[in-house]
2 protein chains.
Amino acid sequence: MDIVDLSTLPEQDTRYDEFLRQVCDKYEMDHAAYAGMNPAAGTIHGHVTYGDDWKAHYQEQGLHLIDPTLHMSQRSIAPVDWSRLERGKDFQRVFRDAHDFGIPDQGITIPVRGPYGDIGLLSAVRECSRDEWKKLVPNVISDLQSLAVHIHDNVMTSDTISRMLYHPTLSSRELEILQWAAAGKSQQDIGDILSISHRTVEVHLRSSREKLNALTTPQAVGRAIGIGLIYPG
Amino acid sequence: MDIVDLSTLPEQDTRYDEFLRQVCDKYEMDHAAYAGMNPAAGTIHGHVTYGDDWKAHYQEQGLHLIDPTLHMSQRSIAPVDWSRLERGKDFQRVFRDAHDFGIPDQGITIPVRGPYGDIGLLSAVRECSRDEWKKLVPNVISDLQSLAVHIHDNVMTSDTISRMLYHPTLSSRELEILQWAAAGKSQQDIGDILSISHRTVEVHLRSSREKLNALTTPQAVGRAIGIGLIYPG
DNA sequence: GAATCTATTGGGGGTTTCCCGTAATATTGG
DNA sequence: CCAATATTACGGGAAACCCCCAATAGATTC
């Protein structure tokens, strides 16, 4: 999964970066970041107010693969305060590096999910005392929640992103066969059910995997269910 | 997809209903409703401040199958103001019935999604002039957004729901391995990751299949995601 | 009409999964 | 405490799956 820095795209205007800077100003944050991803499409894209040096380092090192703020937020419904993250190996790695670039480990990430498996993460960080932080968060969390929805909604409906996060369109045959696979049928079974060769079934499963960016059929079934394309058998 | 009225469950406390009533009071709404659904698991459950007569009518007529507020919100990231709904056949049907029970067609629904394909919808309605409504919404939308996340997070992590979605108990090892399978890893990969033999991995997958009553691993992954034991990789 | 996409079937061959065993340790219940 | 059950672990062999290739027919698009 590669990172795409949207600010480097020629056709991309800078309103998102400005938007994030305004968020910082208004809510007394040092930095703000938005990351959008679609596991099914295998994409990550982001806007940040961090310096270019940190952005470069983050991408070069592939820190997005281990970043605990991303991992945790992807599995949460509610906002995640970074103080609640596990202080594991990955945490040490990412935040030690971040510290070198002057980025604090005090922050919050708000996850927003769309209907196609897309996830938007709005993060805000601030270097200050623990007490100060604990007073600040309750006052801004509600607004940040709304802003997170707003920015993710905008990003997902913009042409630039929808081209990148194209949600997979499986053919009716592919969906039909994937649905039978989710129902526990073997390729041979499905072939018998649909009166086609099990070879053909395998072809459709393969194209389904490719479209869903899945390595295996179990993963494809999981993705398809997560997106709502099929139902659990 | 059947509806489950959580308030009728004996072991269910009434804090959600109280919560909704407080939302009404604080934000000057006539009624508030929360609906949680998991298309993957095929369940809908809800709390409402509407009268029992409307609840009964809604369930008897199966209005949830055509309710445009549900349909629209399921596909939206941002809150949906009911004034933006298409005035189609289904709309007429549902809101004509609702009107007979004293429920206005002026409202807003806020969708929240969790990592398992679960969707929470917080709706609030108020009978008032269009102008009044347009002034009210911007003032409360941010708070309602937060509340929607809060209530959905609570419902999804509550024991009540997990008891309703029949829950096989998979061992931590089985869940761990099933999660990796959902992430597209092969048995060999998983064995390497966990430093065990790929044979052992297969045994855990087999017992997972048995517990989930699944014939194949893709089906087991689908079931586990539908139940919320693991998340789509 | 040509190009493109989808659905279909097939061969050959390597890889993975699955079912059959065995067995040590852990946990639970009488 | 001991017995029953569950969990963890490993291996051989058969079955299923997955990937490479090619080929035909129908529908859609340009």
Side-chain angles (χ1 to χ4, degrees), chain A residues 39-42 159 162-164 166-225 227 229-230 232-233, chain B residues 162-163 166-225 227 229-230 232-233:
Chain A
D159 287 342
S162 49
R163 248 178 283 135
M164 302 182 50
Y166 109 99
H167 43 89
T169 52
L170 284 94
S171 71
S172 59
R173 201 58 157 173
E174 288 161 346
L175 284 177
E176 188 178 16
I177 287 175
L178 203 59
Q179 183 66 71
W180 280 115
K185 302 298 181 187
S186 71
Q187 295 182 0
Q188 185 62 60
D189 290 339
I190 299 172
D192 294 342
I193 292 170
L194 301 178
S195 300
I196 57 177
S197 163
H198 69 93
R199 302 284 193 169
T200 308
V201 173
E202 194 271 333
V203 171
H204 288 298
L205 282 176
R206 191 190 318 163
S207 59
S208 299
R209 287 194 300 273
E210 285 168 1
K211 287 181 178 178
L212 289 166
N213 205 34
L215 293 169
T216 64
T217 298
Q219 187 180 23
V221 168
R223 285 250 162 96
I225 291 174
I227 298 174
L229 293 175
I230 63 173
Chain B
S162 44
R163 251 178 279 138
Y166 140 82
H167 237 178
T169 52
L170 296 172
S171 71
S172 60
R173 199 59 156 175
E174 287 162 345
L175 285 177
E176 188 178 18
I177 287 174
L178 203 60
Q179 183 64 72
W180 281 115
K185 302 298 181 186
S186 71
Q187 294 181 1
Q188 184 63 59
D189 290 339
I190 300 171
D192 293 342
I193 292 170
L194 301 178
S195 300
I196 57 178
S197 164
H198 68 94
R199 308 287 189 169
T200 306
V201 173
E202 194 272 331
V203 172
H204 288 298
L205 283 176
R206 193 191 317 164
S207 58
S208 299
R209 286 195 300 270
E210 286 166 0
K211 287 181 178 178
L212 289 165
N213 207 27
L215 292 170
T216 63
T217 298
Q219 187 179 24
V221 167
R223 286 249 163 95
I225 291 173
I227 297 174
L229 293 175
I230 62 174

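The sequence lines fix the lettering, A, B, ..., with proteins before strands; numbering per chain opens at 1.
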> Ignoring backbone atoms, test whether A/R173 places a side-chain nitrogen or oxygen under 4.0 Å from the OP1 or OP2 oxygen of C/dT6.
no
> List the atom of A/Q187, the atom of A/H198, and the distance in Å for their closest heavy-atom pair.
O-CB, 3.9 Å
> Measuring from atom CZ of B/R223 to atom CG of B/N213, what distance do you get when rounded to the nearest 0.5 angstrom?
6.0 Å
> Scan nucleotides 25-30 of chain C nucleotide by nucleotide, 5' to 3', and note B when protein non-hydrogen atoms come under 4.0 Å of the base, S if they reach only the sugar-phosphate, - if neither.
------
> Looking at five pairs on each end of the helix from C/dG1-D/dC30 to C/dG30-D/dC1, what is the angle between the two axes, given to 10 degrees?
70°
> Name all pairs fulfilling the salt bridge (Lys or Arg N to Asp or Glu O under 4.0 Å) condition that reach into residues 183-195 of chain B, sequence neighbours left out, sorted by first residue then second.
none
> I'd like to check the side-chain hydrogen bond (donor to acceptor under 3.5 Å, both in side chains) partners of B/T216; sequence neighbours left out, ordered by chain and number.
none
> Sequence neighbours excluded and cut-off under 3.5 Å, please list the side-chain donor-acceptor pairs for residues 199-208 of chain A, or say none.
unit_1: A/E202; atom_1: OE1; unit_2: A/R206; atom_2: NH2; d: 2.7
unit_1: A/S207; atom_1: OG; unit_2: A/E174; atom_2: OE2; d: 2.6
unit_1: A/S207; atom_1: OG; unit_2: A/V203; atom_2: O; d: 3.4
unit_1: A/S207; atom_1: OG; unit_2: A/H204; atom_2: O; d: 2.9
unit_1: A/S208; atom_1: OG; unit_2: A/H204; atom_2: O; d: 2.8

> Both B/S195 and B/E174 contact DNA chain D. Which one's nearest nucleotide lies toward the 5' end?
B/E174
> Do you know the tightest heavy-atom contact between A/P218 and B/T217?
CG-CG2, 4.0 Å
> Which residues pass the salt bridge (charged side-chain N to carboxylate O under 4.0 Å, His left out) test with A/E176, not counting sequence neighbours?
A/R173
> Atom CD1 of B/I177 and atom CD1 of B/I196: how far apart are they, to the nearest 0.5 Å?
4.5 Å
> Base contacts versus sugar-phosphate-only contacts with protein, heavy atoms under 4.0 Å: please encode nucleotides 10-24 of chain C as B, S and - from 5' to 3'.
SBB----SBBB----
> Quick one, A/L215 with A/R209, criterion side-chain contact (heavy atoms from CB on, under 4.5 Å). Give me CA distance, side-chain angles, the key distance, then yes/no.
CA-CA 7 Å; A/L215 293 169; A/R209 287 194 300 273; over 6 Å; no
> According to side-chain contact (heavy atoms from CB on, under 4.5 Å), who are the partners of B/A182, at least two apart in sequence or on a separate chain?
B/Q179, B/V221, B/I230
> Which is the 5'-most and which the 3'-most nucleotide of DNA chain D that has an atom under 4.0 Å from a heavy atom of chain A?
D/dC17 to D/dC20
> If you look at every heavy atom in B/A224 and B/L178, which pair is closest and at what distance?
CB-CD2, 3.6 Å
